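For reference, the structure is listed below as structure tokens.
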Amino acid sequence: MAGAAAARERPVPEPSGTDARPGEDPRPREGTGSGARRLRRPAWTTDALVVAGYLGLAVLLTGGQWCHPGRLFHQAGDQILFEWMLARAARAVTGLENPLYSTALNAPDGVNLMANTSVLGLGVPLAPVTLLAGSQAAFCVAVVVCLAGTATAWYALLRRRLVASRAAAAVGGLFCGFAPGMVAQAGAHLHMAAQFLVPAILAVLFRPRRDRVRRDGVILGLLVTWQVFLGEEVLVLLALAAGVFVLAYALADRAAARRAAPALLRRIGVGALVAGVLLAYPLWFQFFGPQHYRGMAFDVDGFWLDAASFTAAARQTVVGDDYLPGLLAPNPTEENSFFGPGLLVLAVVIVIWLWRRPLVRALACCGLLFALLSLGPEVRVDGTATGVPGPYRLLAGLPLVDLAVPARLALVCVPVLGMLLALSLDRVWAARPSAATEPVRPEPAGPPAPAVPVRLLWTGAVAAALLPLTPTPIRTVPSVTVPAFVADGGWRAYVPAGRTVVPVPPVTGAAVSPGMLWSARTGLAFPAPGGYFIGPGGPGDRAARWGAPDRPTAVLLRRVAETGEVPPIGDADRRQALADLRHWRAAVVVQGDLRHSEPVRRALDELLGPGRDVGGARMWDVRDRLR
């Protein structure tokens, strides 16, 4: 995110006397002289190979789910949530429905999708995939797009603005898209992994030229609007990181900052106006529409990182394991800081080596600050509280900062490290020092390009630091099955318009929701109560909570499903069950495969009378009892 360095970069000027053809890279190639024979391969073929490599790696990492409908990524509840959101976006497109709200979940009250991670910016473009291949395929494609798209976007920004070497840009883009934190987020949190617009926003915001400010501002506003519909939290991190970077760069080179400030501020002004107009209604709906809430559904202060995590190996790397990361990160999806000791040592070397460049100084300040902020209000080392206050304590509760999970602040370090790697490799690989690096105040002519042994040594050092971070395929776990009674539409004969299918257990909190998966895999064919989402505590309580307010029958069935123990059930429980089913507007109650299927079946038989087996499920028809 610290790609604001692009503010000072221009394409490398074409050397005089070049014989490059249109579409070819006019810059001198390493190892070529004035009389050397030049390679005539079009430049775009190299770019295509880089992008194809990113796509191939992303497909490989998601291979555990392709053609495996019975598997989910390890954070199964989060994947179910995003599968449902992708299915909902496709339904909104085909049915011309309100994309910001739905009663297909949490019936009859519904869910404010704008106030949840609805990823409409992915769901709408991927609607054809969802409709043709289903929600699981759409989710896997979305993960591939997030990982490979982010890597490609950073490669393009690095190549156009910061480095002369395509290889250096490719390495930087690879790290930005596939760092351990990005892979950890991609398996569960599409809204955090979808960072492919971040380099584009920075490229427009910090465009070196000062003409066409209005056009740039309009484009900036459109990109920001799209990012809001991908993930607001990433936009918050981007705004914070860009602000820190600008301040650090201004301190490093005040003259350049004064020259760039007018155009930058005008772009921001135009962009804010465009985005404000486009987002006025969606944001009103998010904060004041049906089922809106206040605050967060969980304590973000519990989601910070251990200082030792920065030198540890993440689970999903070739040298990782399951034990140590579990001590150093809140959960497997938040391993955002696991860079390993080799990469951190290289980063220090790069900063010292290239310290004279304002760009590098600003990147170093930005990365260090966000690394410290991710440690939370008190620094911990190897799981032990040190009593040392973290800088986050000074910022907790401030606007924007209170909307971001502290552990995710370390994600800012990913592009910072990626750019430092690219700059260092460009320095040793380029045929001569890049003329693109400080156009406002060009640096004095640097020393000759390093000799071959130095290039090999530095390349080997970078490889040695990055190889342990090589990602492994995202882990999968078995999925709950969708009963044939649900998948084949057998329920339709029992559920009239305005009535619901009640899955068992009717999840009302942050847990794996079988009914939500059934809904996603069937294209939201039926409304259902409960689900995994964030909503208000009740009609008179706008405090955020996971899921719908608990109803006694939902609590009872969830306890039986978790423990396998059936409590004594009396007439009061039966009356309460009917009241709850009436609130949910139930037509049928359906139980699929559960870990404790038999105890749950006995509990429901005692509550509702005998059910019957239909299409791989147990069904209780309650239409007559609720009239």
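Here the structure is a predicted model, which means the values were calculated and not measured.
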How far apart are the C-alpha atoms of F370 and V244, what are their side-chain angles, what is the distance that settles it, and do they pass the side-chain contact (heavy atoms from CB on, under 4.5 Å) test? CA-CA 9 Å; F370 278 85; V244 170; 3.9 Å; yes
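- Side-chain atoms of Q136 come within 3.5 Å of backbone N or O of R71 as a donor-acceptor pair.
- Under the 30°/60° scheme for interplanar angles, the aromatic rings of F339 and F175 are found to be tilted.
- A donor-acceptor contact shorter than 3.5 Å is absent between the side chain of D78 and the backbone of H189.
- Aromatic ring orientation, F245 versus F206: perpendicular (interplanar angle above 60°, classes split at 30° and 60°).
- In this structure, the side chains of L240 and L373 stay at 4.5 Å or more apart for every pair of heavy atoms.
- Screening V318, V319, T317 for a side chain to side chain contact (heavy atoms under 4.5 Å, CB included) with T470, the sole residue that qualifies is V318.
- With rounding to the nearest 0.5 Å, the separation of CD1 in I474 from CG in L147 is 6.0 Å.
- Here the side chain of R266 pairs no donor or acceptor atom with the backbone of V213 at under 3.5 angstrom.
- Looking only at side-chain heavy atoms (C-beta outward), V144 and L55 come within less than 4.5 Å of each other.
- Of all the heavy atoms in A248 and C365, the pair that sits closest is CB-CB, 4.0 Å.
- Scanning all heavy atoms of the two residues, the minimum distance from C176 to M182 falls at O-CG, 3.5 Å.
- Nearest heavy atoms, A307 versus V379: CB-CG1, 4.3 Å.
- Looking at H74 and R315, their side chains never come closer than 4.5 Å, going by heavy atoms from C-beta outward.
- H191 contributes atom NE2, which lies 11.0 Å from atom CD of Q227 (distance to the nearest 0.5 angstrom).
- Taking CG of L363 as the start and CG of L423 as the end, the distance is 7.0 Å to the nearest 0.5 Å.
- Using a 4.5 Å heavy-atom cutoff, the side chains of D426 and L158 are not in contact.
- Within the 3.5 Å criterion, the main-chain N or O of V405 finds a donor-acceptor partner in the side chain of E233.
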Step by step, work out the side-chain contact (heavy atoms from CB on, under 4.5 Å) result for L202 and W154. CA-CA 10 Å; L202 293 172; W154 280 108; 3.9 Å; yes
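- Nearest approach of R209 to R267, heavy atoms of both residues: O-NH2, 2.6 Å.
- Within a 6.0 Å radius of CZ in R214, no more than 12 heavy atoms belonging to other residues, nucleotides or ligands are found.
- Taking the six-membered ring where tryptophan is involved, the planes of W353 and W458 are perpendicular, since the angle between them exceeds 60° and thus also 30°.
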Could you walk me through whether L411 and Q195 pass side-chain contact (heavy atoms from CB on, under 4.5 Å), step by step? CA-CA 11 Å; L411 289 173; Q195 297 187 25; 4.2 Å; yes
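- Considering only heavy atoms from C-beta on, D47 comes within 4.5 Å of Y155 through its side chain.
- Formation of a donor-acceptor pair under 3.5 Å by the R361 side chain with backbone atoms of W355 is found in this model.
- Using the six-membered ring where Trp is involved, F178 and Y54 have ring planes that are tilted, between 30° and 60° apart.
- Under the 4.5 Å side-chain criterion, counting only non-hydrogen atoms from C-beta, R380 is not in contact with L375.
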Show, in sequence, the C-alpha distance, side-chain angles and deciding distance for Q75 and Q79, and conclude whether the side chain to side chain donor-acceptor pair (under 3.5 Å) test is met. CA-CA 7 Å; Q75 292 293 104; Q79 177 170 340; over 6 Å; no
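- The OG1 atom of T225 sits 9.0 Å away from the CG atom of L220 when rounded to the nearest 0.5 Å.
- Residues A188 and T333 share a closest heavy-atom pair of CB-CG2, 3.5 Å.
- Of the inter-residue distances, the one linking S165 atom OG with R427 atom CZ reads 13.0 Å to the nearest 0.5 angstrom.
- Taking the side chain as every heavy atom from C-beta outward, R475 and D322 approach each other to under 4.5 Å.
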Full working for side-chain contact (heavy atoms from CB on, under 4.5 Å) between L230 and L235: CA-CA 9 Å; L230 287 173; L235 189 60; over 6 Å; no
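- In this structure, T117 and F82 have side chains that are in contact, with non-hydrogen atoms separated by less than 4.5 Å.
- L409 contributes atom CG, which lies 9.0 Å from atom CG of L305 (distance to the nearest 0.5 angstrom).
- When all heavy atoms of I350 and L420 are compared, the pair lying nearest together is CD1-O, 3.6 Å.
- With hydrogens and angles left out, the side-chain atoms of E334 and Q185 include a donor and acceptor closer than 3.5 Å.
- The backbone N or O of G383 lies less than 3.5 Å from a partner atom in the side chain of D306, making a donor-acceptor pair.
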